[in-house]
*Asks:* 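I have a structure here, written as structure tokens, and I will follow up with some questions on it.
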Amino acid sequence: MTDPLSATIPLHTPASTNEWWRSAVIYQVYPRSFADADGDGIGDLTGITSKLPYLRRLGINALWISPFYPSPQADAGYDVSDYCDIDPVFGSLADADALISHAHQLGLRVFADLVPNHTSDEHPWFQRALAAEPGSPERDWYLFRDVDPGNPDQRPNNWQSDFGGPAWSKTPDGKQWYLHMFDSKQPNLNWENPKVRAAFLDILRFWLDRGIDGFRVDVAHALIKAPGLPDFHHTRDDFLTGAIPTYAAPFYDQDDVHLIYRSWLEVLDSYPGDRAMVAEAWVQPYDRLARYVRPDEFHQAFNFAFLQSPWEAGALRQGIIDSYRSNDAVGAPTTWVLSNHDVVRHLTRFALDRLRPSGLRPDDPAPDYTTGLRRARAASTMLLALPGSAYLYQGEELGLPEVIDLPAHARQDPTFRRTEGDRIGRDGCRVPIPWVKDAPAYGFNDTGESWLPQPALFGQLAADQQTGRDGSTLELYRALLAVRRSRALGEGQLTLVNLGEDIVAFDVTTAAGAIRVVLNLGETGWPIPDGARLLAASDPSVSDEVHTDTAVWLTI
Ligand code: GLC
Ligand code: MG
């Protein structure tokens, strides 16, 4: 066991190769909520293209765009009805081509979001399956089981949908059940069927041919189910608390899933230009997750264990240690991510007394924005110095909080409906981005329409209010990313430094020299040593002391 409080611990040495994805900063665009060029209240691809100069100026290397395919939008596009086209609400294939080529001209790469675990029930594959007989090759594309005429309410097993309620629904004729680990409009594909596997290889090629630089793969750990689909005897909370390893569930992290990604990597590698893929795999413990990023599988996997850390020095430090230990063992870069479209924004999360994995309810005690912003800025300051690849979620660079007071009628996440409001859902982190304070929908479009209502606070947080303003969160991110780039911190070597129990501190060494990163979570200030030069600070008022909930980068 490594003692995190011994004086210094060399923790991470960079890989011998430095492909772009090993140290990239990748920005997640949630297309519904980013920028709405046609004014219908839902963001679109042309909107994204119009903001590429903003993203370039921010200093990121790539963007990952959440699903933009034709979809009934039962799960905000994660219910795909055609993998090789664009939903008219987002634009057209020509708009996608324009987005990709503009991004490339600006030196930005683009990841698409691939959803292989399930399709929409409106996908022609599912429609074709329903039109065919039980037991037919068409039905074998999905997971159908006969209804027992003697016991017609008895489902094939006890699995629950991740969005609440049972994971099995009946076909319209009532003769069979089909499995859906999410909404009933998201039937699970049968990945034991070679035709399904072949179809996805074609989908990968379709997008790679169009110039896509890689894929974020949705619920990558879920494709293979244990033989016989046995009952599961734990709860969702058992995973979230880490009480059981993920593979204890017969529908997650099953060993054979890895074969699929090996075949995908062969396709990616047959294209020029270092195409890459990142796994969305909520898999614990760390060593199991690392199996997804072995040299012949994914390039990266989201580091969700770290994302779930409470605001405590010990937990953050241990997360850093475990992440490098497990990823370095397989030669993969660690990723660092604090927010995405599925979790409570980290600004709000870090202001809470405890984690609330199911979201925040309007009647929960309101988290303090000032505390949250202070901690979020400190967290990101630390995170952007960590070697490896970093993921940002749209709006975190503006200091956006979770929106917790959305009215029930505005909520669209199927989780809210399927749990009858018991789980509040994820709409609060999906509210459209404010670009301009004094404009309709804060500049999201010019009609004032917005698929989710924006709170008044978004006005003062709009990008135009922060651009060029010293000390703004946007300028902090720009400054951090500029130093990260100029010193190639993402490719650095990392040594943990002991400055006390309540402080997370490490040195990052690159060809440009060493910087010391200090994040203070304790009550007492940490005096900056004489002779140290301040390169960046999460709090613009730092001069000779690093106060509580503050992070700095120093040269020493
Ligand atoms: C992933 C997505 C989430 C979606 C789910 C089902 O977890 O990130 O938004 O609801 O998969 O596709
Ligand atoms: Mg639109």
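One-based numbering along the sequence shown. Order of appearance sets the numbers: ligands from 1, and atoms from 1 within every ligand.
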*Asks:* Between Asn117, Asp218, Asp113, flag the one that comes closest to atom 2 (C) of ligand 1 by a heavy atom.
*Replies:*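 Looking at heavy atoms only, the winner is Asp218.
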*Asks:* Which ligand 1 atoms does Arg430 reach within 4.0 Å, using its non-hydrogen atoms?
*Replies:*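 The atoms of ligand 1 under 4.0 Å from a heavy atom of Arg430 are 9 (O).
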*Asks:* Has Gly39 got an N/O/S atom less than 2.8 Å from the Mg ion (ligand 2)?
*Replies:*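 Gly39 does not place any N, O or S atom closer than 2.8 Å to the Mg ion (ligand 2).
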*Asks:* Atom CZ in Phe298, atom CD in Glu280: separation rounded to 0.5 Å?
*Replies:* 10.0 Å
*Asks:* With nothing but distance in play, are any N or O atoms of Arg216 less than 3.5 Å from an N or O of ligand 1?
*Replies:* yes
*Asks:* With a 4.0 Å cut-off on heavy atoms, does Trp282 reach ligand 1?
*Replies:*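 Distance cut 4.0 Å: Trp282 fails for ligand 1.
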*Asks:* For atom 7 (O) of ligand 1, what is the closest protein heavy atom, and at what distance to 0.1 Å?
*Replies:*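 Looking at atom 7 (O) of ligand 1, the protein heavy atom closest to it is Glu280 OE2, 2.8 Å.
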*Asks:* Rounding to 10°, state the angle centred on the Mg ion (ligand 2) that links OD1 in Asp38 with OD1 in Asp36.
*Replies:* 80°
*Asks:* State whether the side chain of Thr119 and the backbone N or O of His123 hold a donor-acceptor pair below 3.5 Å, judged by distance alone.
*Replies:*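 A pair under 3.5 Å: no.
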*Asks:* State the atoms of ligand 1, each with its element, that fall below the 4.0 Å cut-off from a heavy-atom position in Phe163.
*Replies:* 10 (O)
*Asks:* I need the minimum non-hydrogen distance between Thr415 and Asp413, along with the two atoms involved.
*Replies:* OG1-OD1, 2.7 Å
*Asks:* Could you walk me through whether His341 and Tyr78 pass the ring pair (Phe, Tyr, Trp, His ring centres under 6.0 Å) test, one step at a time?
*Replies:* CA-CA 12 Å; His341 66 294; Tyr78 283 93; 5.2 Å; yes
*Asks:* Run the contact test for His118 against ligand 1 with a 4.0 Å cut-off on heavy atoms, strictly below, and give the result.
*Replies:*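 His118: in contact with ligand 1 (<4.0 Å).
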*Asks:* Taking only heavy atoms of Arg426, which atoms of ligand 1 are found under 4.0 Å from at least one of them?
*Replies:*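 Close to Arg426: 3 (C), 4 (C), 9 (O), 10 (O).
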*Asks:* Return yes if a side-chain donor-acceptor contact under 3.5 Å exists between Asp113 and Trp64, otherwise no.
*Replies:* yes
*Asks:* Output the list of atoms in ligand 1 that are nearer than 4.0 Å to some heavy atom of Phe182, sorted by atom number.
*Replies:* 5 (C), 6 (C)
*Asks:* Between Arg345 and Glu396, does at least one N-O distance fall below 4.0 Å, as a salt bridge requires?
*Replies:* no
*Asks:* What residue and atom, counting heavy atoms only, is the protein's closest point to atom 4 (C) of ligand 1, and at what distance?
*Replies:* Asp75 OD2, 3.3 Å
*Asks:* For the pair Tyr69 and Tyr83, name the ring-plane relationship: parallel under 30°, tilted 30 to 60°, perpendicular over 60°.
*Replies:*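 Tilted: the ring planes of Tyr69 and Tyr83 meet at 30° to 60°.
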*Asks:* In terms of relative ring orientation, are Tyr142 and Phe144 parallel, tilted or perpendicular, with 30° and 60° separating the classes?
*Replies:*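 Rings of Tyr142 and Phe144: perpendicular, over 60°.
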